[in-house]
S.K.: 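Sharing a structure with you now.
Keep in mind that what you see is a predicted model, and the values were worked out from it rather than measured. Residue numbers start from 1 in every chain, and the chains themselves are labelled A, B, ... in the order their sequence lines are given, proteins ahead of strands.
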Amino acid sequence: MAHESEDGYVPSAVEEKWQRTWEERGTNTFTREQLENAKDPFYNLMMFPYPSAEGLHVGNIYAFTGADVHGRYQRLLGKTVFEPIGFDAFGIHSENFALKVGTHPMDLIPSNVKNFTRQLRRIGGMFDWDHVVDTTDPSYYKWTQWVFLQLFNAGLAERKEAPVNWCPSCMTVLANEQVIGGECERCGTAVEQRRIAQWFFRITDYSQRLLDNLERLDWSDTTKKAQSNWIGRSTGAQLHFPVVDRDGNETGTSVEVYTTRPDTVFGATYMVLSPEHPLVEKVTDDGLRAPVYAYMDTAGKKDLVARQKTDKTKTGVPTGGFCRNPATGELIPIWIADYVLMEYGTGAIMAVPGHDTRDFEFAQAFDLPIVRVVAGSDDDAETPLEEAYVGPGRLVNSGQFDDTDVKESVEKVTAWIAESGWGDAKVNFRLHDWCISRQRYWGPPIPVIYCEACGPVGVPEDQLPVVLPRVEDFKPDDSGISPLARVEEWYKTECPTCGAEARRETDVSDTFLDSGWYFIRYPSADFDDCPFDEAITKKWLPVDTYIGGNEHAVLHLLYSRFLTMVLKDLGHLDFEEPYNVFRAHGLIIADGAKMSKSKGNVIVPDPIIEEFGADTFRTYLMFLGPFEEGGDYRPQGIQGPFGFLHRLWDTVVSAGDGHADPDVERKVHQTIEQVTEQLANLGYNTSIAAMMECLNTIRSGGRAASRAEVEPLVVMIAPFAPHMAEELWERLGHEGSVFDGGNWPEFDPAKAVENTVAIAIQVNGKLRATITAAADASEESVVGEARAEDNVVRHLEDKTERRVIYVPGRLVNFVVS
RNA sequence: GCCGGGGUGGCGGAACGGUAGACGCGGCGGCCUCAAAAGCCGCUGUCCGAAAGGGCAUGCGGGUUCGAUUCCCGCCCCCGGCACCA
């Protein structure tokens with residue numbers, strides 16, 4: 001049931017007409033020449049969707065609409081706006097769904113893409129359908145493989161054995177991002193750890209640069225913060241503690257540790273190695289091998305996840321070995337414990353139980369000595385510690401550093417350590433190298449060939465793409481090996497270097513590699529002889545505004561920054577930051593929770609669009625809350641924007657000639673000022689409110705409007721209700737699209753000034769009256785008038801006036817006592 | 001525990017340190033109608049008061065200020081992310 005009013009506004013007809021017209025006229029699409037010669041180019045990017053079988057839900061539409069409004073606004077300002085869209089269609093998600101329904105992904109994806117395309121057209125997005133990118137198309141992933149080869153040839157891709165997340169129920173490897181709180185995102189089974197040889201990108205080589213550049217990016221603060229936390233820079237020192245034998249003689253080996261508190265080194269009373277640490281074997285006393293190996297064995301079976309699940313209860317065993325604390329000269333025992341992670345720092349720590357909560361717990365559990373080396377203001381050096389003390393204070397029991405303030409001590413102690421030659425200052429990052437291998441089927445094959453003689457060889461560029469073969473049995477199994485390894489005729493090949501019999505890499509790459517560079521491909525999507533054209537890339541990149549979900553703050557956004565830096569360093573690009581501006585949109589909340597399939601609160605947009613039209617739906621979504629914060633989706637709420645658009649239509653189609661009324665014109669110009677400013681900052685809800693207010697003024701008292709009054713409103717509503725705006729623009733007698741020619745109304749400050757203003761009159765800050773005064777009235781006359789108000793007189797009686805505060809055009813405040 | 005973001009009417013939300021609650025939803029009353037829907041008009045934070053007017057109100061407690069939703073200090077609660085990172 002569609003709402004059609006008698007005023008002639010039939011949303012479905014108007015929308016159908018303009019979607020057809022845009023397509024026929026090529027309003028939103030560009031030819032290669034147009035892209036090359038565009039004036040004032042503006043690249044408006046949004047995160048391309050994964051084309052699920054369910055289609056886009058209201059949350060997705062919300063994100064795309066908000067980004068589309070921004071693009072349309074920029075275009076109305078006169079810019080040439082390129083707004084591409086594509087499909088991120090590879091990955092475990094699609095593959096799992098394909099397995100579930102028993103349809104091959106190669107058959108499934110095209111029909112999903114078709115459905116997404118229909119929805120995205122229906123909602124009225126300003127997409128350039130001539131530059132669509134589909135990551136599963138060999139003409140795209142040919143260049144994804146090319147990107148891999150750039151890193152491979154530059155030594156930034158390396159193959160090494162590493163632990164991966166293994167879901168024993170799904171029998172597959174999972175990406176870190178598919179592990180939620182230690183469990184498989186899909187089935188909730190606890191994830192195990194396995195060691196498999198993987199390809200890694202050396203993103204850690206770029207840690208400092210990725211961090212430093214953040215400062216000059218115009219991104220949402222939350223996103224920048226999340227990213228810098230993820231990179232996790234910390235400063236401290238790396239020290240080596242010599243390993244000693246039974247008699248206290250140095251053995252020539254030492255344990256390297258990283259600490260952020262080198263100043264507490266005098267309090268290091270034992271050492272802890274991660275169970276995986278290479279030195280464990282060496283330092284373990286013969287008599288203790290059995291328990292040590294047993295512990296390594298249990299710890300090895302637990303992954304990071306299971307280790308966390310132990311409620312942080314500390315476990316560990318002594319190795320029987322000892323180090324000398326180079327600061328105190330004392331012998332301290334070496335333990336192994338799984339609270340020390342091989343992945344961070346050196347995989348070993350000096351334990352300072354007095355001043356580290358974890359070490360304190362461990363020392364208590366195993367009765368290890370706890371020494372105080374920092375004293376707070378109320379403590380003395382001998383006060384026994386009941387918990388780790390991490391506050392401010394001065395060093396104690398620390399030799400020549402006694403009484404040094406902790407704040408200064410880090411630097412001083414580090415300098416002393418460096419002089420003494422057993423360590424130095426060191427910066428550490430928590431960022432790890434990016435594992436891009438997936439032992440799955442549905443992804444681009446990693447373009448590497450293994451040859452007995454030549455080792456891993458990159459597939460030569462002229463042999464790309466390495467096409468993913470159609471395999472009917474693509475189910476993963478417990479072997480930890482990709483299903484492609486079952487396809488002998490595919491993986492058997494010749495070494496490109498020596499021609500000997502060789503074997504293809506059978507893993508595919510992470511979907512984040514697909515999405516790591518798609519924005520570079522878009523403008524060059526129609527080039528098949530290169531990943532991106534030099535001139536067009538120079539013209540259009542980097543991206544002007546990127547709008548998307550904050551869930552990608554540390555994944556996609558970090559990876560694509562890294563790849564852009566690499567491509568720049570290799571001479572392929574002349575910029576190193578891909579997105580000048582990034583804004584994270586908020587989330588749509590339904591029934592008190594984020595809209596998601598698992599919560600069962602997903603709202604399907606199609607019937608709503610059917611009933612109210614895309615324009616009303618778009619306007620409602622943008623009105624329900626601040627775009628960057630999201631808001632509650634309430635079905636009733638759509639009535640407001642629905643009525644507003646209908647009234648706007650009525651007003652415009654029945655508007656007469658004639659001049660604008662000065663009072664109305666003032667309101668219109670105030671609205672232009674407000675909306676222009678707010679739209680630039682994605683203030684969509686308040687912009688719409690301002691336009692509603694303006695229309696209320698135009699219509700007040702049932703007066704007839706003139707075209708001069710309503711025309712600015714037609715243009716300003718266009719980003720939200722593009723179809724209706726086009727139709728009204730045409731009916732107002734204009735040729736062509738409202739979006740062409742920079743039709744944004746110009747704000748005239750002279751027309752917006754009020755000649756009278758309401759002045760609040762306060763006594764001691766409390767409102768006692770309101771008066772109307774001429775805008776140019778003098779302070780004297782305003783204060784005089786204020787003083788004459790009955791209610792003010794009453795409150796001034798029997799009081800002594802101390803001061804009068806006068807804020808021109810706003811208020812008068814009498815301060816009395 | 002750490003890092004973000006928030007607590008404002010019945011609800012979603014507005015407010016350069018300056019009349020708190022714009023705009024909208026819902027509710028109430030009215031017009032139109034045989035009736036309903038749609039549309040239109042008015043009212044709508046709360047308490048006292050016939051009214052004029054006054055008191056109380058932006059999570060809680062302090063502070064700065066002529067004036068605080070806004071700035072500062074100390075708490076409480078909610079949402080999101082990270083989490084044995086040495």
S.K.: If the C1' atom of rG10(B) is compared with that of rG30(B), how far apart are they to the nearest Å?
M.R.: 23 Å
S.K.: NA contact type, Leu811(A), heavy-atom cut-off 4.0 Å: base, sugar-phosphate, or nothing?
M.R.: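 Touches a base.
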S.K.: I want to check one thing: is the phosphate of rC16(B), taken as OP1 and OP2, less than 4.0 Å away from some side-chain N or O of Arg810(A)?
M.R.: no
S.K.: From C-beta outward on Leu341(A), which listed nucleotide comes closest to its side chain: rG13(B), rA86(B), rG26(B)?
M.R.: rA86(B)
S.K.: Rounded to the Å, how far apart are Leu767(A) CG and rU19(B) C1'?
M.R.: 5 Å
S.K.: Could you state the CD-P distance from Gln674(A) to rA14(B), rounded to the nearest angstrom?
M.R.: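 Going from Gln674(A) (CD) to rA14(B) (P), I get 13 Å.
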S.K.: Ring centres of Phe241(A) and Tyr270(A) under 6.0 Å apart?
M.R.: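 No, ring centres 6.0 Å or more apart.
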S.K.: What interatomic distance, in whole Å, is found between C1' of rG5(B) and the corresponding atom of rG9(B)?
M.R.: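 The answer is 23 Å between these two C1' atoms.
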S.K.: Would you say a side-chain N or O of Tyr344(A) is under 4.0 Å from OP1 or OP2 of rA86(B)?
M.R.: yes
S.K.: Asp359(A) near the nucleic acid: base, sugar-phosphate alone, or nothing, with a heavy-atom cut-off under 4.0 Å?
M.R.: nothing
S.K.: Which one is paired to rU70(B), where only Watson-Crick or G-U wobble pairs with both distances under 3.5 angstrom count?
M.R.: none
S.K.: Using a cut-off of 4.0 Å on non-hydrogen atoms, how would the nucleic acid contact of Ala553(A) be classed: base, sugar-phosphate, or nothing?
M.R.: nothing
S.K.: Can the ring centroids of Tyr684(A) and Phe720(A) be said to lie less than 6.0 angstrom from one another?
M.R.: yes
S.K.: Students often mix this up, so state it plainly: with edges at 30° and 60°, are the rings of Phe642(A) and His646(A) parallel, tilted or perpendicular?
M.R.: tilted
S.K.: How many whole angstroms separate atom OH of Tyr806(A) from atom P of rG17(B)?
M.R.: 21 Å
S.K.: For Asp790(A) and rA51(B), give me the distance from atom CG to atom C1', rounded to whole Å.
M.R.: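 One finds 15 Å between C1' of rA51(B) and CG of Asp790(A), rounded.
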S.K.: Checking the side chain of Tyr295(A) only, and the main-chain atoms of Thr315(A) only, is there a donor and an acceptor separated by less than 3.5 Å?
M.R.: yes
S.K.: Can you tell me how far P in rG54(B) sits from the matching atom in rA20(B), rounded to whole Å?
M.R.: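 Comparing P positions in rG54(B) and rA20(B) gives a spacing of 13 Å.
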S.K.: Among Thr616(A), Leu621(A), Leu624(A), exactly one meets side-chain contact (heavy atoms from CB on, under 4.5 Å) together with Ile638(A). Which residue is that?
M.R.: Thr616(A)
S.K.: If I take atom CD1 in residue Ile588(A) and atom P in nucleotide rG80(B), what distance separates them, rounded to the nearest angstrom?
M.R.: 16 Å
S.K.: Syn or anti: how is rG61(B) classified when any glycosidic angle within 90° of 0 counts as syn?
M.R.: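 You should classify rG61(B) as anti.
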S.K.: For atom C1', what is the distance between rA36(B) and rG49(B), given to the nearest Å?
M.R.: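 The same atom, C1', in both gives a distance of 41 Å.
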S.K.: Compare side-chain N and O positions of Arg634(A) against OP1 and OP2 of rG13(B) and report whether any pair is under 4.0 Å apart.
M.R.: no
S.K.: For the side chain of Thr222(A), counting heavy atoms from C-beta on, which of rG53(B), rC84(B), rG5(B) is nearest?
M.R.: rG5(B)
S.K.: What about the rings of Trp434(A) and Phe512(A), do their centers lie closer together than 6.0 Å?
M.R.: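 No, ring centres 6.0 Å or more apart.
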S.K.: Between rC77(B) and rC25(B), how far is it from one C1' atom to the other, in whole Å?
M.R.: 27 Å
S.K.: Nearest to the Val807(A) side chain among rG12(B), rA22(B), rG18(B), which nucleotide is it?
M.R.: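 Nearest listed nucleotide: rG18(B).
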S.K.: Taking CG from Leu648(A) and P from rG24(B), how many angstroms apart are they, rounded to a whole number?
M.R.: 13 Å
S.K.: Considering only side-chain heavy atoms of Thr686(A), which listed nucleotide, rA14(B), rA86(B), rC11(B), is closest?
M.R.: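 Nearest nucleotide to the side chain: rA14(B).
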S.K.: Is it true that Arg666(A) and Asp663(A) have a side-chain N and a carboxylate O under 4.0 angstrom from each other?
M.R.: yes
S.K.: Could you check whether Glu256(A) pairs with Lys426(A) (Lys NZ or Arg NE/NH1/NH2 to Asp/Glu carboxylate O, under 4.0 Å)?
M.R.: no
S.K.: Could you tell me which nucleotide pairs with rU64(B) by Watson-Crick or G-U wobble geometry, both distances under 3.5 Å, or answer none if nothing does?
M.R.: none
S.K.: Would you say Gln762(A) reaches rG67(B)'s phosphate, i.e. side-chain N/O to OP1/OP2 under 4.0 Å?
M.R.: no
S.K.: Which one, rC40(B), rU19(B), rC84(B), comes nearest to the side chain of Arg699(A)?
M.R.: rC40(B)
S.K.: For rA86(B), take OP1 and OP2 only and decide whether either is under 4.0 Å from a side-chain N or O of Lys314(A).
M.R.: no
S.K.: Could you check Gly765(A) against Gly625(A) and say which one's nearest nucleotide on RNA chain B is further toward the 5' end?
M.R.: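 The answer here is Gly625(A).
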S.K.: So what's rG39(B) paired with, Watson-Crick or G-U wobble, going by both distances under 3.5 Å?
M.R.: rC31(B)
S.K.: Using purine N1 to pyrimidine N3 plus N6-O4 or O6-N4 for Watson-Crick, or N1-O2 and O6-N3 for G-U wobble, each under 3.5 Å, what pairs with rG1(B)?
M.R.: rC82(B)
S.K.: When you measure from the side chain of Ile349(A), which nucleotide among rG18(B), rA86(B), rG24(B) comes out closest?
M.R.: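 The answer is rA86(B).
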S.K.: Mind checking the C1' distance from rC32(B) to rG42(B)? Whole angstroms is fine.
M.R.: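 Roughly 15 Å separates the two C1' atoms.
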S.K.: Please determine whether a side-chain nitrogen or oxygen atom of Arg803(A) lies at a distance below 4.0 Å from atom OP1 or OP2 of rC66(B).
M.R.: yes
S.K.: Strictly by Watson-Crick or wobble contacts shorter than 3.5 Å, is anything paired with rG45(B), and which nucleotide is it?
M.R.: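 When the pairing criteria are applied, rC56(B) turns out to be the nucleotide that pairs with rG45(B).
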S.K.: Quantified in whole Å, what is the P atom distance between nucleotide rG59(B) and nucleotide rA14(B)?
M.R.: 15 Å
S.K.: Measure from the side-chain heavy atoms of His795(A) and tell me the nearest of rG54(B), rG12(B), rC66(B).
M.R.: rG54(B)
S.K.: With a cut-off of under 6.0 Å to the ring centre and 45° to the axis, is Lys314(A) in cation-pi contact with Phe362(A)?
M.R.: no
S.K.: May I ask you to evaluate whether Asn696(A) reaches the phosphate of rG24(B), defined as a side-chain N or O under 4.0 Å from OP1 or OP2?
M.R.: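 So the side chain of Asn696(A) is within the cut-off, an N or O lying under 4.0 Å from OP1 or OP2 of rG24(B).
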S.K.: Classify the ring geometry between His669(A) and Phe747(A) as parallel (under 30°), tilted (30 to 60°) or perpendicular (over 60°).
M.R.: tilted
S.K.: Starting the side chain at C-beta, find the nucleotide from rG53(B), rU19(B), rG12(B) nearest to Arg794(A).
M.R.: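 Closest nucleotide among those given: rG53(B).
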S.K.: Checking all strands, does Arg233(A) fall into the base, sugar-phosphate, or nothing category for heavy-atom contacts under 4.0 angstrom?
M.R.: nothing
S.K.: Give Lys594(A) one of three labels, base, sugar-phosphate or nothing, depending on what nucleic acid heavy atoms sit under 4.0 Å from its own.
M.R.: nothing
S.K.: Between P on rG67(B) and CD1 on Ile759(A), what's the gap in Å once rounded to a whole number?
M.R.: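 It works out to 20 Å between those atoms.
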S.K.: Any strand counts, and the cut-off is 3.5 Å on both contacts for Watson-Crick or G-U wobble. Which nucleotide pairs with rA15(B)?
M.R.: none
S.K.: Between Phe623(A) and Asn791(A), name the one whose nearest nucleotide on RNA chain B is closer to the 5' end.
M.R.: Phe623(A)
S.K.: Classify Asn813(A) by what it touches in the nucleic acid, base, sugar-phosphate, or nothing, heavy-atom distance under 4.0 Å.
M.R.: base
S.K.: Return the value, rounded to whole Å, for the distance between atom NZ of Lys426(A) and atom C1' of rA86(B).
M.R.: 14 Å
S.K.: Between Asn685(A) and rA14(B), is there a contact of a side-chain N or O with OP1 or OP2 at under 4.0 Å?
M.R.: yes
S.K.: Could you tell me how far rG81(B) sits from rA68(B) if I compare only their C1' atoms? Round to whole Å.
M.R.: 32 Å
S.K.: If you only use heavy atoms from C-beta on, which nucleotide in rA86(B), rG12(B), rU19(B) is closest to the side chain of Thr259(A)?
M.R.: rA86(B)
